[in-house]
Colleague: 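Quick one: the structure is below, questions incoming.
All values derive from a computational prediction rather than experimental measurement.
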Amino acid sequence: MNIEYLHISKTGLGDREQNADWEMVTGVWCTPIRKRLMKKTTTLLAVFFYCITSLFAVGDLHLKYNWEAKPVPTILTENEKKEPSVIILDNRFFEYVLNDEGNLDRYVIKHKIIKINEAKSVEEYNKIYIPMYGLKEKVNVKARTINADGKIRELKDEDFKEIEDNDGGEKYLAAAVDGLEVGSEVEYFYILKTNTNPFGTEYYQQSVFTRKANFKIISPENLLFEAKGYNGIPETKNTADDSAKIIETSIENIPVVDNESYAFRTGSLMRIEYKISFNTNNPMRGKLYTWQDAADKYVQLYYTFDKDSRTVAKTIIKKAGLKKGDTREKVRKLEAWLKTNIAISKEMDDKEIPLSIALRNKVASDAMVLKMYLVTLGKLEIQTEIAATTNRSDRRFDPDFQTWNYLGENFIYIPEIKQFIVPGDAASRMGIIPFGYINNDAIFMRAVVSGNDFVGQYSIGKIPPTTKEENTELEETEVSFDAKMRSTTTKVKYSLTGYLAFYYRPVYYSLNDEKKSQIANDLLKRIADDGKVTNIKTWNYNINSEDIYKPFILEGDVASNSIIEKADEKTIFKIGLLLGAQSEMYQDKPRKLDLEMNFPHSYHRIIKVNIPEGYTAKNLEGLNMNFSYAEAGKTEAAFTSNYNLSGNLLTVDVIEYYNQPTYPASSYNEFRKVINAAADFNKLTVVLEKK
């Protein structure tokens, strides 16, 4: 993949260390490396405020905030009555306050009112969960129900219980909401003092209609935030008084966004990104948490090598046999060795141990492994860059809004060979990175020499999508019938490349023979659920060899009774099933979201049918299909099939491809014709009649 550089910054070290505790904010999880980026600084966030000569009494919203003392039931509009439930109010306020020690506290205030219109919504809202990420102090938590007659039932403090998530170990306050019924409302708000977070994300749009949502940040008058809305969020407004800065916006009548096929729903939702941007009491510092600051910090953390690190590099070079070969071969062998010999453990994330100990114990954190790659490649005099971006299914990287929230996915770029490697992904290998990163912008950070020091330099580049020619599936099938026309035997051969091979190759390589056989059976039986598979053969599945750049090949014989049916003197052959199950796109509501594919790809199926002696094939005309979608005169997606009958051999050639990773929502009707064509072919049959 070629990197398209958009600009290169000036180099230079950040003149002040930065630090703040990190927490999960709505919809954004902290990754281990990003967590280390924040935690490995040495000075408190308050260093940004060192010029302050007096404390500012920035409001007291967190002390005064409350709900209406005497609420009345909400009157819905006619359109709102048609919704299963309606979020009447969604307030999200963040108040930053300097405490008596001169440090910055953050108070999170969130308040919701939900009107229940249908019984199914009762089940959805009869429990309240309040996240406790980064909690320092619970200031206030309240919840109540208001029935259609205006009767109020308020929950008590003892109704809230602390629970722990079974998956991630995160803690919540949870309460059951008794007596909730159709026509009633549930209202709750909470005020929490949390770790101070210099940036955050709030997603507003969901599968429930929202009448009104409000966003607000209140901060000391010297501390400036900036925020940016996406996907229809109104522009934020900035105001100020004698002691505080306020940044806020309101969103009204937020439409429902349901899940749609071939879409990245989360990335399409209304959201706000925000960050601390300036401290006017320290004007020499300039803008905070910039791309340049990130480059400086990454260089400090990952391109500063001590004696222990350099010794580790020498050891790896020797054990992995990296002294010979060109750059591509050395990088491939290094990746194969590290991913075979070093396990990555989340339990190591917060541990500070020398790389030599991690190497000896064969277990390390993401950050440790990243540094092993960089120090070893540096020792081999191979230039590297650290790339950081987002997963585009959640949100796209925005080069124009410099927030470290976008630095969640980290990997290595080798400019000489224009290839990526992802240290933290044990299954991937050079050239195949998680498809959530492609077709996205990223920041590329490198260390350059300045005097006697290494300093950070960055550029913003595009990670282009792969092409349909790089992600292919060739399916070759040849069908024969038994003498009584009651069963079939199909020779099947799959040849997969790129991401289509990535679905299978790493898994197949890592499994024992029994599990390998199961994977092969499942893939080969796509043509017939009752199939009995024999003569399995596979090639090119060793991900630690040059096999990774060859098609992954799987073949076998599939015996089945289900793809033919007897009808009097006729035999119905379900030829379409040889494609395997196909997606269908039928949607009654207007399409809202753009069409997104994980990656461009293509399928080529060659179906050969040996027609028994004494039989003739009929109903063949339906095998000729031609559906396509064109944009600006260029075909971007297509499904075509053609048949040829030569003697007793029926050959059907099927081609399906998608040129682009994204298509506009306006093209939905044309696009789905292509998708549905494959599903329609899947239903086709050929009639075999005795002559």
Colleague: What are the two closest non-hydrogen atoms of I543 and A427, and how far apart are they?
Modeller: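 Taking every non-hydrogen atom into account, CD1-O, 4.2 Å.
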
Colleague: Can you see which heavy atom on V674 is nearest to which on A638, and at what distance?
Modeller: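 V674 and A638 have their closest heavy atoms at CG1-C, 3.6 Å.
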
Colleague: Does N676 reach the main-chain N or O of M585 with its side chain, forming a donor-acceptor pair under 3.5 Å?
Modeller: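 Such a contact is found between N676 side chain and M585 backbone.
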
Colleague: Determine whether R395 and T201 satisfy the following criterion, side-chain hydrogen bond (donor to acceptor under 3.5 Å, both in side chains), listing intermediate values before the conclusion.
Modeller: CA-CA 11 Å; R395 54 186 170 167; T201 306; 2.8 Å; yes

Colleague: Can you tell me how the ring of Y413 sits relative to the ring of F444, calling it parallel under 30°, perpendicular over 60° and tilted otherwise?
Modeller: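 Ring orientation of Y413 relative to F444: perpendicular.
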
Colleague: Salt bridge check, E273 against K275: does any charged N sit closer than 4.0 Å to a carboxylate O?
Modeller: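 Answer for the salt bridge query: no.
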
Colleague: Any donor-acceptor pair under 3.5 Å linking the side chain of R392 with the backbone of F435?
Modeller: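 Pair found, side chain donor or acceptor close to backbone of F435.
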
Colleague: Identify whether the distance between the nearest side-chain nitrogen and carboxylate oxygen of K110 and E202 falls below 4.0 Å.
Modeller: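 Yes.
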
Colleague: Strictly below 4.0 Å, N to O, side chains only: are R672 and E584 in salt-bridge contact?
Modeller: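 Result for this pair is no, no salt bridge flagged.
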
Colleague: CG/N471 to CG/L496 distance, rounded to the nearest 0.5 angstrom?
Modeller: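 If we round to the nearest 0.5 Å, N471:CG and L496:CG are 10.5 Å apart.
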
Colleague: Look only at the side chain of N540 and the backbone of P551, and say whether a donor-acceptor pair between them is shorter than 3.5 Å.
Modeller: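 Such a contact is found between N540 side chain and P551 backbone.
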
Colleague: Can you sort out the partners of E546 under salt bridge (charged side-chain N to carboxylate O under 4.0 Å, His left out), two or more places apart, ordered by chain and number?
Modeller: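 Only R332 meet the salt bridge (charged side-chain N to carboxylate O under 4.0 Å, His left out) criterion with E546.
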
Colleague: State whether the side chain of D594 and the backbone N or O of T662 hold a donor-acceptor pair below 3.5 Å, judged by distance alone.
Modeller: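 Here the side-chain-to-backbone pair does not exist.
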
Colleague: Quick one, I344 and M368 - any side-chain contact, counting heavy atoms below 4.5 Å?
Modeller: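 Side chain of I344 against side chain of M368, heavy atoms only: no contact under 4.5 Å found.
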
Colleague: Side chains of K468 and Y658: closer than 4.5 Å at any heavy-atom pair?
Modeller: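 SC-SC contact between K468 and Y658 ruled out.
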
Colleague: Please report the interatomic distance CD1(I438) to CZ(F420), rounded to the nearest 0.5 Å.
Modeller: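 So the CD1 of I438 and the CZ of F420 are separated by 10.5 Å.
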
Colleague: With a 3.5 Å distance limit and no angle check, can you tell me whether T389 reaches the backbone of D441 through a side-chain donor-acceptor pair?
Modeller: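 Here the side-chain-to-backbone pair exists.
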
Colleague: Is the positively charged end of R505 above the ring of Y541, judged by distance under 6.0 angstrom from the centroid and angle within 45° of the axis?
Modeller: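 The answer is no, since R505 fails at least one limit relative to Y541.
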
Colleague: Applying salt bridge (charged side-chain N to carboxylate O under 4.0 Å, His left out), run through K346 and D366 and close with a yes or a no.
Modeller: CA-CA 8 Å; K346 290 183 179 180; D366 278 288; over 6 Å; no

Colleague: Relative to Y494, does R526 satisfy both conditions: NZ or CZ under 6.0 angstrom from the six-membered ring centre, and within 45 degrees of the ring's axis?
Modeller: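 The answer is yes, since R526 meets both limits relative to Y494.
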
Colleague: Could you tell me how the ring of F94 sits relative to the ring of F215: parallel (under 30°), tilted (30 to 60°) or perpendicular (over 60°)?
Modeller: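 Because their plane-to-plane angle lies in the 30° to 60° range, the rings of F94 and F215 count as tilted.
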
Colleague: Going through the distances and angles, do M445 and I443 end up as a side chain to side chain contact (heavy atoms under 4.5 Å, CB included)?
Modeller: CA-CA 6 Å; M445 297 166 284; I443 179 172; 3.9 Å; yes

Colleague: With heavy-atom distances below 4.5 Å as the criterion, would you say the side chains of E164 and E170 are in contact?
Modeller: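 SC-SC contact between E164 and E170 ruled out.
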
Colleague: With the side chain counted from C-beta on, respond yes when S85 and F209 share a heavy-atom pair under 4.5 Å apart, and no when they do not.
Modeller: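 A side-chain contact is absent here, since even the closest heavy-atom pair is not under 4.5 Å.
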
Colleague: Which pair of non-hydrogen atoms, one from K592 and one from P255, has the smallest distance, and what is that distance?
Modeller: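 Heavy atoms of K592 and P255 come nearest at NZ-CB, 4.4 Å.
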
Colleague: Could you pull out the closest heavy-atom pair between S602 and Y657, with the gap in Å?
Modeller: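 Residues S602 and Y657, closest heavy atoms: CB-CB, 3.7 Å.
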
Colleague: Counting N and O atoms only, with roles assigned by atom type, does the side chain of Y499 sit under 3.5 Å from a partner on the main chain of I433, one being a donor and the other an acceptor?
Modeller: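 Indeed, once roles are kept as given, a pair shorter than 3.5 Å links the two residues.
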
Colleague: Which residue in the set Y302, Y303, Y373 passes side chain to side chain donor-acceptor pair (under 3.5 Å) when paired with T384?
Modeller: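 Single pass found, and it is Y303.
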
Colleague: Fit a plane to each ring of Y503 and F599, take the angle between them on a 0 to 90° scale, and name the class: parallel (under 30°), tilted (30 to 60°) or perpendicular (over 60°).
Modeller: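 The rings of Y503 and F599 sit tilted, inter-plane angle from 30° to 60°.
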
Colleague: Verify side chain to side chain contact (heavy atoms under 4.5 Å, CB included) between T497 and E473, making sure each step is shown before the conclusion.
Modeller: CA-CA 7 Å; T497 67; E473 177 183 307; over 6 Å; no

Colleague: Under the side-chain contact (heavy atoms from CB on, under 4.5 Å) test, which residues partner I233, sequence neighbours left out?
Modeller: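 side-chain contact (heavy atoms from CB on, under 4.5 Å) check on I233 returns Y204, T249, I251, M270, I272.
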
Colleague: If I compare all heavy atoms of T466 with all of P600, which pair ends up nearest, and what's the gap?
Modeller: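 Heavy atoms of T466 and P600 come nearest at O-CG, 3.1 Å.
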
Colleague: Quick one: which of F401, Y298, F397 gives a ring pair (Phe, Tyr, Trp, His ring centres under 6.0 Å) with W291?
Modeller: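 Filter result, single survivor: F397.
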
Colleague: Of all heavy-atom pairs between S667 and L595, which one has the smallest distance, and what is that distance?
Modeller: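 Nearest heavy atoms, S667 then L595: OG-CD1, 3.7 Å.
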
Colleague: Is there side-chain contact between Q383 and E416, with at least one heavy-atom pair below 4.5 Å?
Modeller: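 A side-chain contact under 4.5 Å is absent here.
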
Colleague: Side-chain contact test, heavy atoms from C-beta onward, threshold under 4.5 Å: evaluate it for N440 versus T390 and give yes or no.
Modeller: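 In short, these two side chains touch, coming nearer than 4.5 Å.
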
Colleague: May I ask you to say whether D90 pairs ionically with R92, meaning some side-chain N is under 4.0 Å from a carboxylate O?
Modeller: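 Salt bridge flag = yes for R92 with D90.
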
Colleague: Y133 and Y172: side-chain hydrogen bond (donor to acceptor under 3.5 Å, both in side chains), yes or no, with the steps?
Modeller: CA-CA 8 Å; Y133 312 120; Y172 297 84; 2.9 Å; yes

Colleague: Flag the pair D398 and K228 as a salt bridge only when some basic side-chain nitrogen lies within less than 4.0 angstrom of an acidic carboxylate oxygen.
Modeller: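 K228 and D398: salt-bridged.
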
Colleague: What I'd like to find out is whether the side chain of F502 reaches to under 4.5 Å of the side chain of S428, using heavy atoms alone.
Modeller: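 Touching, per the 4.5 Å side-chain cut-off.
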
Colleague: Return yes if some donor-acceptor pair links the side-chain N/O of R396 with the main-chain N/O of S393 below 3.5 Å, else return no.
Modeller: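 The answer is no, because no donor-acceptor pair under 3.5 Å joins these two groups.
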
Colleague: For S268, is there any backbone N or O sitting under 3.5 Å from a side-chain donor or acceptor partner on N231?
Modeller: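 Yes, N231 side chain to S268 backbone: donor-acceptor pair under 3.5 Å.
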
Colleague: Without swapping roles, check the side chain of Q582 against the backbone of L579 for a donor-acceptor pair under 3.5 Å.
Modeller: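 Yes; at least one donor-acceptor contact below 3.5 Å.
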
Colleague: Looking at OH of Y262 and CG of N598, how far apart are the two atoms once the value is rounded to the nearest 0.5 Å?
Modeller: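 It is 9.5 Å, given to the nearest 0.5 Å.
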
Colleague: By side-chain contact (heavy atoms from CB on, under 4.5 Å), which residues pair with F278, not counting sequence neighbours?
Modeller: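 Checked F278 against side-chain contact (heavy atoms from CB on, under 4.5 Å); matches are L224, K287.
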
Colleague: Apply side chain to side chain contact (heavy atoms under 4.5 Å, CB included) to residues T640 and V654 and explain how you reach the verdict.
Modeller: CA-CA 6 Å; T640 63; V654 183; over 6 Å; no

Colleague: For the atom pair CD1 (I519) and CG (L511), what is the distance rounded to the nearest 0.5 Å?
Modeller: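 Reported to 0.5 Å precision, the distance equals 6.0 Å.
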
Colleague: So is R605 actually on top of Y603's ring, under 6.0 Å and inside 45° of the axis?
Modeller: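 Pair R605/Y603 counts as cation-pi.
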
Colleague: How about Y663 and Y629: do any of their side-chain heavy atoms sit closer than 4.5 Å?
Modeller: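 Yes - at least one pair of side-chain heavy atoms lies under 4.5 Å apart.
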
Colleague: Quick one: do Q292 and D296 satisfy side-chain hydrogen bond (donor to acceptor under 3.5 Å, both in side chains)? Show the steps, please.
Modeller: CA-CA 6 Å; Q292 184 61 57; D296 293 336; 3.0 Å; yes

Colleague: Would you kindly check if the NZ (Lys) or CZ (Arg) of K216 is within the cone defined by 45 degrees around the ring axis of F93 and under 6.0 Å from the six-membered ring centre?
Modeller: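 K216 over F93 ring: yes.
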
Colleague: Q205 side chain to I254 main-chain N or O, any donor-acceptor pair under 3.5 Å?
Modeller: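 No.
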
Colleague: Measure the spacing between CG of L593 and CZ of R265 and express it to the nearest 0.5 Å.
Modeller: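 One gets 8.0 Å once the value is rounded to the nearest 0.5 Å.
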
Colleague: Before you tell me yes or no, could you show the steps for F199 and Y274 under ring-ring contact (aromatic ring centres under 6.0 Å, His included), namely the whole-Å CA-CA distance, both residues' side-chain angles and the distance that decides it to 0.1 Å?
Modeller: CA-CA 5 Å; F199 15 75; Y274 64 91; 8.8 Å; no

